[in-house]
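Taking it in order: structure first as structure tokens, then the write-up.
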Amino acid sequence: MAEAGGAAGGGGDTIFALASGSGRAGVAVIRLSGPAVPEALAALVGGVPEPRRAVLRRLRHPRTGEVLDRAVVLRFASPASFTGEEVAELHVHGGRAVIEAVGEALLACGKGIRPAEPGEFTRRAFLNGKMDLTAAEGIADLVAAETEAQRRQALAQAEGALAATVAGWAERLTRALALSEASIDFADDGVGDEAETEALALAQAVEGEMEAALAGARRAERVREGFRVAIIGAPNAGKSSLLNRLAGREAAIVSARAGTTRDVIEVRLDLGGQAVTLADMAGLREAEDEIEAEGVRRAFAWAERADLVVAVFDGTAEAPDAATRVVVSARPGGCIGVASKSDLGVRLAEVDGVPLLPVSSVTGEGIERLAEALTAAIAGLAERGAGGAVLTRARHVSAVSSALAALRRLPVAALPEMRGEELRLALRELGRLTGRVDVEDVLEVVFRTFCVGK
Ligand SMILES: Nc1nc2c(c(=O)[nH]1)N(C=O)[C@@H](CNc1ccc(C(=O)N[C@@H](CCC(=O)O)C(=O)O)cc1)CN2
């Protein structure tokens, strides 16, 4: 972990930010962190409250003495705080003018008090050894969580689940490295081979666990980012109406004219606790103009990357649309078939063995069943390959892949010294993952996605 202490933690500045969200709210929380917190409190509320005890105080402007609000004040003394620094929270009334006046008053306290950068509180918590990088990412994900599955996955990571797994790997690889070095030193004593064998066995076990973690990473990333479901079909098959029905609002323009939807229209849904991005797109056909052609190209591209496809066939047509059929046959198992316009009578029951669910966006028939089918299919995708460490980001996948690649080179490394080098490489990648090495460049990647106040 990076060294603890005020200097490493934030360079002496005292930062503040609105920790509660913007928008109308009864109470707003302004959080401060840094060495000048006790002084600022003295200036604002006329004293330094005892730590961890909420007190009600009049908040005054330090220069004019004007009362700005009556607030609940909560102080955390260093190092027992979220950031490890001196921390205070001002729970004020939620009005924008109140928040602005308090911000103004804080700036008037002087002494290196300034607004926080996005993610700066959590960054300080990391730098002061309160958490590793993966836990910090977990906090960012918790703040962004929209669904139950996202919340659970983020909380586990914020509480150190991934950090613990990585620590377990690093511990065994460190032991393997020690054994490998020993085998060089004691090569003549005959204990070398034994140590070498044990080192390889340790590395192999770690390899297996890393492979399992990587196998589950796509799923974990999907939980974090949302599963992608594409609604495809011929022009005028009723895709936009279906999207609106599923979304419960008029997200897409619906018209009787074929080719109305040209760009990809995405809506976010919560299906059984999983975040889903549902997309309506241009109908698959020979386009009539350049704009539609681009729309069709985007539709194919989106559908290709989708986790699941809802294939909409015009239920009143005599034969299924050919282009849609091609997509369905290319995705065995990854499709839910729909026969639209069921209120007009359905002629199609299945296409190439894929049963079609009769659905009417006019009467609402079948919508509930389609939503259930989607929910079940997404739940199936989310469950696959569960267990073990959960790699939720490209950054994790990249580090574990590199570590794994190094471990896979171990058995073919000709010299023990080369094996030591590979082990060091693998350990270094794990260090990047938790933030133990190369801190600065990794930090940029992790914290640039945070919001202000975290
Ligand atoms: N009002 C308020 N609510 C909040 C937060 C906050 O900062 N303020 N949080 C902020 O994100 C989350 C809670 N997380 C927190 C994590 C650690 C500490 C803390 O004081 N840690 C000390 C003491 C530990 C202890 O008492 O067990 C430490 O780690 O040394 C506080 C909040 C969610 N709710």
Side-chain angles (χ1 to χ4, degrees), residues 1-6 8-10 13-23 25-38 40-41 44-45 48-57 59 69-94 98-99 102-103 106 113 115-146 148 150-164 167 434-435 446-447 449-454:
M1 191 64 46
E3 74 200 78
D13 273 0
T14 294
I15 54 172
F16 70 91
L18 184 65
S20 51
S22 54
V27 176
V29 178
I30 296 164
R31 183 158 63 165
L32 294 79
S33 180
V37 162
L41 286 177
L44 287 170
V45 305
V48 185
E50 120 190 26
R52 298 184 157 254
R53 200 184 153 129
V55 292
L56 188 59
R57 291 283 183 274
L59 255 169
D69 195 11
R70 219 160 93 137
V72 168
V73 179
L74 182 56
R75 176 183 160 233
F76 296 87
S78 175
S81 70
F82 176 74
T83 59
E85 303 177 327
E86 283 290 330
V87 166
E89 293 180 359
L90 309 173
H91 299 219
V92 301
H93 290 97
V98 179
I99 295 162
V102 174
L106 282 167
I113 300 186
E117 310 277 343
E120 202 171 2
F121 288 92
T122 313
R123 189 183 188 120
R124 289 184 176 197
F126 164 74
L127 290 172
N128 287 325
K130 290 284 174 187
M131 62 184 75
D132 85 320
L133 271 191
T134 65
E137 287 170 327
I139 287 181
D141 291 348
L142 256 180
V143 172
E146 289 175 330
E148 269 299 284
Q150 290 177 322
R151 180 187 65 72
R152 274 192 217 112
Q153 182 167 290
L155 182 61
Q157 196 175 313
E159 296 205 313
L162 178 52
T434 55
V446 172
F447 289 103
T449 57
F450 271 73
C451 53
V452 175
K454 256 293 147 196

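All ligand and atom numbering here is 1-based and tracks the order in the structure.
Using a cut-off of 4.0 Å between Lys/Arg side-chain N and Asp/Glu carboxylate O, R151 and E148 are scored as salt-bridged.
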Between ligand 1 and the protein, give all atom pairs where both partners are nitrogen or oxygen and the distance is under 3.5 Å, as lines of names plus distance to 0.1 Å.
unit_1	atom_1	unit_2	atom_2	d
ligand 1	1 (N)	E89	OE1	2.8
ligand 1	1 (N)	E89	OE2	3.3
ligand 1	7 (O)	R31	NH1	2.8
ligand 1	7 (O)	E89	OE2	3.3
ligand 1	8 (N)	E89	OE2	2.4
ligand 1	11 (O)	K454	NZ	2.6
ligand 1	20 (O)	R52	NH2	2.9
ligand 1	26 (O)	R52	NH1	3.4
ligand 1	26 (O)	R52	NH2	3.2
ligand 1	29 (O)	K130	NZ	3.2
ligand 1	30 (O)	K130	NZ	2.5

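Every residue two or more places apart in sequence or in another chain that forms a salt bridge (Lys or Arg N to Asp or Glu O under 4.0 Å) with R75 is listed here: E86.
If you take CZ on R70 and CG on L59, they are separated by 11.5 Å, rounding to the nearest 0.5 Å.
Geometric assessment of R31 against the ring of F82 yields a positive cation-pi assignment under the 6.0 Å and 45° thresholds.
Between the side chain of T83 and the backbone N or O of S33, no donor-acceptor pair lies under 3.5 Å.
The shortest side-chain heavy-atom distance between L106 and L32 falls under the 4.5 Å cut-off.
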